[in-house]
Amino acid sequence: MVHSWLTGKLQWDYGKMMQMISIFDLDKTITRTATFGPFLIHAGRHRIWRFLAFPEVLLTSLAYLVGLIGRARLKEINLGLVLGRLVGHSQLQALSRQFAESTLRQNCLPGALARIESDRAEGRRIVFASASYAFYVVEIANLLRVADVIATKATEVQGKVSPTINGENCYGFAKLHMVEEWMAAQSIPRTGAHIRFYSDHVSDAPCLEWADEAFATNAHSPLRRLAKARGWSIFDWR
């Protein structure tokens with residue numbers, strides 16, 4: 001706490017006393033489109049025989065749409081169809097780096113990138129929190145000089161990577177839980193941080209409600225309505 005000569009009252013000195021954190025969703029918040037489908041296509045191009053699996057990918061996507069399988073299981077099945085049951089770390093990292101480079105060139109919103117830089121210039125710690133698989137989110141983050149990533153983890157089996165999700169699918173309330181776990185691991189108490197959260201989708205409402213400042217970015221209709229009701233800022237990045 002510091003004494004303000006303007007108000008005569010004790011106030012928080014946020015720059016010295018609190019960690020300033022900006023947490024960004026990835027898909028359709030920083031990128032124009034979702035990234036998982038494009039990653040599957042990218043991986044399929046480099047493992048051409050796996051294109052034979054794409055009719056099955058479409059079938060599993062249909063099964064998800066009609067409620068036969070959940071979101072997490074859909075991701076596991078489709079990634080397994082394209083990459084196989086197990087994939088080596090070096091091969092997956094190479095695919096992910098190539099995909100990250102093409103994503104930055106072709107699929108990132110300039111307005112989102114500018115906001116990341118302006119928040120960074122304010123001294124804020126930039127964090128990505130995404131339901132996408134961490135192995136390629138980390139590579140996108142690396143290109144944007146973002147060291148902190150919270151995302152869906154794949155499972156390691158016999159020194160290789162399996163499509164099976166390790167822990168929670170970083171989506172909805174699970175994303176908030178994983179953000180809180182990350183803060184605990186970083187020894188950041190909630191009361192010791194000022195948090196901004198940016199997202200395009202109403203599934204991130206738990207995180208947006210929890211944040212000190214909430215931003216609906218390129219929001220779909222349900223989130224736009226919620227943002228107006230809550231008084232959250234609305235950005236339409238291009």
Side-chain angles (χ1 to χ4, degrees), residues 21 23-31 33-44 53 57 60-61 63-65 69-89 91-100 102-104 107-108 112 126-144 146-157 159-186 197-208 210-211 217:
I21 300 173
I23 305 176
F24 290 79
D25 175 47
L26 177 67
D27 288 15
K28 299 185 180 180
T29 298
I30 295 171
T31 63
T33 65
T35 57
F36 185 54
F39 176 78
L40 294 179
I41 294 171
H42 171 80
V57 170
T60 56
S61 299
Y64 166 72
L65 290 174
I69 59 174
R71 182 181 295 269
R73 185 61 183 143
L74 172 69
K75 288 160 69 170
E76 291 176 333
I77 293 172
N78 284 350
L79 188 63
L81 287 170
V82 175
L83 289 183
R85 188 176 65 87
L86 295 173
V87 61
H89 283 283
Q91 185 177 20
L92 184 58
Q93 187 177 50
L95 284 171
S96 298
R97 283 178 177 171
Q98 293 163 0
F99 177 69
S102 66
T103 298
L104 190 58
N107 194 23
C108 282
I126 308 300
V127 181
F128 287 174
S130 174
S132 294
Y133 277 101
F135 51 77
Y136 72 76
V137 178
V138 165
E139 298 300 333
I140 295 170
N142 285 341
L143 294 176
L144 294 173
V146 175
D148 297 296
V149 171
I150 303 158
T152 302
K153 297 177 183 177
T155 301
E156 186 167 313
V157 178
K160 294 188 176 183
V161 180
S162 162
T164 303
I165 291 172
N166 180 4
E168 297 180 284
N169 184 35
C170 189
Y171 184 85
F173 280 102
K175 182 180 287 190
L176 175 56
H177 180 225
M178 292 172 72
V179 169
E180 291 175 326
E181 286 186 331
W182 173 82
M183 289 182 66
Q186 298 291 315
F197 199 94
Y198 299 84
S199 179
D200 72 291
H201 199 272
V202 75
S203 63
D204 280 328
C207 290
L208 291 161
W210 167 85
T217 61

Inset, instruction - I would like to know whether Ile140 and Val146 meet side-chain contact (heavy atoms from CB on, under 4.5 Å); could you show each step before the answer? - result: CA-CA 9 Å; Ile140 295 170; Val146 175; over 6 Å; no
Kindly give the heavy-atom pair with the smallest separation between [X] and [Y], and that separation in Å.
X	Y	value
Ala154	Ser162	CB-O, 3.3 Å
Pro163	Gly80	CG-CA, 3.4 Å
Thr31	Asp27	OG1-CA, 3.4 Å
Thr29	Ala112	O-CB, 3.5 Å
Cys170	Ser130	CB-O, 3.3 Å
Leu86	Val157	CD2-CB, 3.7 Å

To the nearest 0.5 Å, what is the distance between [atom1] on [X] and [atom2] on [Y]?
X	Y	atom1	atom2	result
Asn142	Leu104	CG	CG	11.5 Å
Ile23	Ile150	CD1	CD1	5.5 Å
Phe173	Cys207	CZ	SG	9.5 Å
Arg73	Ile165	CZ	CD1	9.5 Å
Thr35	Lys28	OG1	NZ	10.5 Å
Thr103	Ile30	OG1	CD1	11.5 Å

Give the table of side-chain donor-acceptor pairs shorter than 3.5 Å for residues 176-184, with sequence neighbours excluded, one pair per line with atom names and distance.
| from | atom 1 | to | atom 2 | distance (Å) |
| --- | --- | --- | --- | --- |
| His177 | ND1 | Glu168 | OE1 | 2.7 |
| His177 | NE2 | Glu181 | OE2 | 3.4 |

Are [X] and [Y] close enough that a side-chain donor and a side-chain acceptor fall under 3.5 Å?
X	Y	answer
Thr155	Asn166	no
His201	Ser199	no
Thr33	Asn107	yes

Inset, instruction - Report the C-alpha separation of Asp200 and Thr217 in whole Å, then their side-chain angles, then the decisive distance to 0.1 Å, and conclude whether the side-chain hydrogen bond (donor to acceptor under 3.5 Å, both in side chains) test is met. - result: CA-CA 5 Å; Asp200 72 291; Thr217 61; 5.8 Å; no
Inset, instruction - Please test Val127 against Val149 for side-chain contact (heavy atoms from CB on, under 4.5 Å), starting from the C-alpha separation and ending with a verdict. - result: CA-CA 6 Å; Val127 181; Val149 171; over 6 Å; no
Sub-4.5 Å side-chain heavy-atom contact between [X] and [Y]:
X	Y	value
Asp148	Ile126	no
Phe39	Leu79	yes
Arg97	Gln93	yes
Asp25	Tyr198	no

Legend entry - Backbone N/O of Ala129 and side chain of Lys175: donor-acceptor pair under 3.5 Å: yes
Legend entry - Sidechain-backbone polar pair: Thr152 side chain, Ala131 backbone, donor-acceptor under 3.5 Å: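 A pair under 3.5 Å: yes.
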Inset, instruction - Using the side-chain contact (heavy atoms from CB on, under 4.5 Å) rule, take Glu156 and His89 through it: C-alpha gap first, then chi angles, then the decisive distance, then the call. - result: CA-CA 9 Å; Glu156 186 167 313; His89 283 283; 3.2 Å; yes
Inset, instruction - For side-chain contact (heavy atoms from CB on, under 4.5 Å), just list the numbers for Leu74 and Asn78, CA-CA rounded to whole Å, side-chain angles, deciding distance to a tenth of an Å, and then say yes or no. - result: CA-CA 6 Å; Leu74 172 69; Asn78 284 350; 3.4 Å; yes
Legend entry - All ring pair (Phe, Tyr, Trp, His ring centres under 6.0 Å) counterparts of Phe128, not counting sequence neighbours: none
Legend entry - Non-neighbouring partners of Phe197 that pass ring pair (Phe, Tyr, Trp, His ring centres under 6.0 Å), sequence neighbours left out: none
Inset, instruction - Answer yes or no on whether Lys75 is positioned over the face of Tyr133, meaning its NZ or CZ is under 6.0 Å from the six-membered ring centre and within 45° of the axis. - result: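 Yes - Lys75 lies over the ring of Tyr133, closer than 6.0 Å to its centre and within 45° of its axis.
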Inset, instruction - Please name the residue in the list Tyr136, Phe36, Phe99 that meets the ring-ring contact (aromatic ring centres under 6.0 Å, His included) test with His42. - result: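 Among Tyr136, Phe36, Phe99, the one that satisfies the ring-ring contact (aromatic ring centres under 6.0 Å, His included) with His42 is Phe99.
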